[in-house]
Amino acid sequence: MKRVMSKNWRQLLSPALLALTVLVVILSVWGPEALAVYTDKGILNQIRTQEEETGGEGYRYQLSRNEKLYILSQCLNAQTLPETEQSARTRDTQTETAYQELPGTYAFVVNHNGPSGKEITDEEIYETANDEILLLKEAGVLPEEILEIRAGAYEATLYSAIDVPEPRNNVAVWKLSLTGSLQNANKENRLIDAYIDADDGKIYEFYVRAQLKWEEIDPDALIEAWGSYMGLSSPQAYETDNPLLETTPYYKKYVFTGNGEERTVVTIGFYEGIDELFLKISR
């Protein structure tokens with residue numbers, strides 16, 4: 001009896017085993033291709049979007065304040081034209097339209113596209129400048145007598161300071177300049193020129209006319225106050241024997257260190273006769 005049952009089971013299992021084997025072979029050959037086709041149907045002929053940061057959108061790359069200061073100073077120094085007449089005695093009606101895109105390591109160019117949407121707009125820059133001027137007055141950097149900025153009296157131009165080999169490393173700045181129509185007007189207690197960060201409004205450079213004398217100015221205290229306002233580390237005195245660095249004998253230079261060997265020279269100076277105080281990060 002046992003032998004009969006064993007024989008019957010073998011007879012039943014043989015076709016089932018054969019069918020299972022055939023099925024496994026078919027699946028191993030046809031299955032992966034069918035699965036790939038099914039997967040492709042869910043992907044192909046469909047538009048999918050994904051946000052991606054590109055190298056051209058440099059404003060998304062967060063630079064430290066020291067890095068911004070260094071890049072801007074290098075770009076200003078790379079200009080073929082002076083960013084401002086170094087002595088106000090020679091100021092004339094030159095416009096900034098002469099700036100052209102420069103080849104090389106650093107470039108300082110007019111941003112013809114305008115604010116990107118994350119930067120201070122041309123309508124906001126005047127109010128922002130007045131807020132920052134007030135902060136500098138409170139810090140003792142600017143004299144209290146400096147007048148407010150009025151849109152009709154100043155020209156505002158947006159620039160991009162670009163590290164050419166690494167274009168994502170760029171700084172957007174507004175330059176405010178007293179308009180040409182007021183060049184011969186009374187400039188007493190006025191801001192003459194300033195470079196202002198287009199992201200947060202911090203003032204990198206300024207030239208102001210004030211009722212001051214060099215003997216009344218403490219450049220060490222002034223640079224400390226400005227560095228604190230900018231969020232920079234403490235500066236060091238910059239010693240040089242070159243008497244031709246400035247067109248005035250009344251100045252003092254300082255160094256702010258950055259990443260690695262980067263360093264930015266900042267100058268506090270004064271033009272006697274026209275009573276113009278300046279703080280600049282360019283030559």
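Values reported hereafter were calculated over all heavy atoms of this structure, with side chains retained and with hydrogens, waters and symmetry mates removed.
Under the 30°/60° scheme for interplanar angles, the aromatic rings of Tyr70 and Tyr106 are found to stand perpendicular. Using cut-offs of 30° and 60° on the angle between ring planes, the pair Tyr159 and Tyr195 is perpendicular.
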* Would Ile125 and Tyr154 satisfy side chain to side chain contact (heavy atoms under 4.5 Å, CB included), going step by step from the backbone distance to the final call? -> CA-CA 11 Å; Ile125 186 57; Tyr154 287 85; over 6 Å; no
* Could you please spell out the steps behind the side chain to side chain contact (heavy atoms under 4.5 Å, CB included) verdict for Glu155 and Thr179? => CA-CA 6 Å; Glu155 296 175 349; Thr179 61; 3.5 Å; yes
* **Full working for side chain to side chain contact (heavy atoms under 4.5 Å, CB included) between Glu132 and Leu136** => CA-CA 6 Å; Glu132 297 302 315; Leu136 289 177; 5.6 Å; no
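Taking each heavy atom of Pro235 and Tyr254 in turn, the nearest pair found is CB-CB, 4.1 Å. For the pair Trp214 and Ile268, the tightest heavy-atom approach, listed with the atom from each and the gap, is CH2-O, 3.9 Å. Across all non-hydrogen atoms, the minimal contact from Trp174 to Thr121 is CZ2-C, 3.8 Å. The two atoms that bring Asp197 and Arg65 nearest to each other are OD2-NH1, 3.3 Å, heavy atoms only. Shown here for Phe108 and Cys75, the closest heavy-atom pair between the two residues is CB-O, 3.7 Å. What you find for Pro115 and Leu158 is that their closest heavy atoms are N-CD2, 3.6 Å.
Atom CG of Asn170 sits about 9.0 Å away from atom CG of Asp163, to the nearest 0.5 Å. Atoms CD1 and CD1, from Ile149 and Ile196 in turn, are 7.5 Å apart once rounded to the nearest 0.5 Å. With rounding to the nearest 0.5 Å, the separation of CZ in Arg150 from CG in Asn130 is 10.5 Å. Rounded to the nearest 0.5 Å, atoms NE2 (His112) and OG1 (Thr157) are 10.0 Å apart. Within the model, atoms CD of Glu138 and CD of Glu144 stand 8.0 Å from one another, a figure rounded to the nearest 0.5 Å. The CG atom of Leu135 sits 6.0 Å away from the NZ atom of Lys202 when rounded to the nearest 0.5 Å.
Grouping the Ile, Leu, Val, Met, Phe, Trp and Tyr side chains by contacts below 4.5 angstrom, directly or via other members, places Tyr238 apart from Ile217. Cluster membership for Ile133 and Met230, using ILVMFWY side-chain heavy atoms within less than 4.5 angstrom, is shared. Criterion: ILVMFWY side-chain heavy atoms under 4.5 Å apart, direct or through other members. Under it, Leu245 and Val265 are not part of a common hydrophobic cluster. In this structure, Leu277 is not a member of the same hydrophobic cluster as Tyr251, with clusters built from ILVMFWY side-chain heavy atoms closer than 4.5 Å. Val208 is not connected to Leu134 by any chain of hydrophobic side-chain contacts under 4.5 Å among Ile, Leu, Val, Met, Phe, Trp and Tyr, and they are in different clusters.
Among Asp199, Leu69, Ile71, the single residue meeting the side-chain contact (heavy atoms from CB on, under 4.5 Å) criterion with Leu63 is Ile71. With Phe278 as the partner, the ring-ring contact (aromatic ring centres under 6.0 Å, His included) test is satisfied by one option alone out of Phe206, Tyr207, Tyr204: Tyr207. Only one option out of Glu216, Glu145, Glu188 pairs with Gln211 in a side-chain hydrogen bond (donor to acceptor under 3.5 Å, both in side chains); it is Glu188.
Between Asp193 and Lys280 there is no salt bridge, since no side-chain N of the basic residue sits under 4.0 Å from a carboxylate O of the acidic one.
Counting heavy atoms from C-beta outward, Ile146 and Lys137 have side chains that approach closer than 4.5 Å. With contacts defined as side-chain heavy-atom distances shorter than 4.5 Å, the pair Asp275/Arg209 does not qualify. Ile223 places none of its side-chain heavy atoms less than 4.5 Å from the side chain of Lys252.
In terms of modelled atom types and a separation under 3.5 Å, the side chain of Trp226 and the main chain of Ile203 share a donor-acceptor contact. Using a distance-only test at 3.5 Å, with no hydrogens or angles considered, no donor-acceptor pair links the side chain of Ser160 to the main chain of Ile162. In this structure a side-chain-to-backbone donor-acceptor pair under 3.5 Å is missing from Asn66 to Phe256. A donor-acceptor distance shorter than 3.5 angstrom exists from the side chain of Glu205 to the backbone of Ile281, with no hydrogens or angles considered.
A cation-pi contact, defined as under 6.0 Å to the ring centre and within 45° of the axis, is absent between Lys213 and Phe270.
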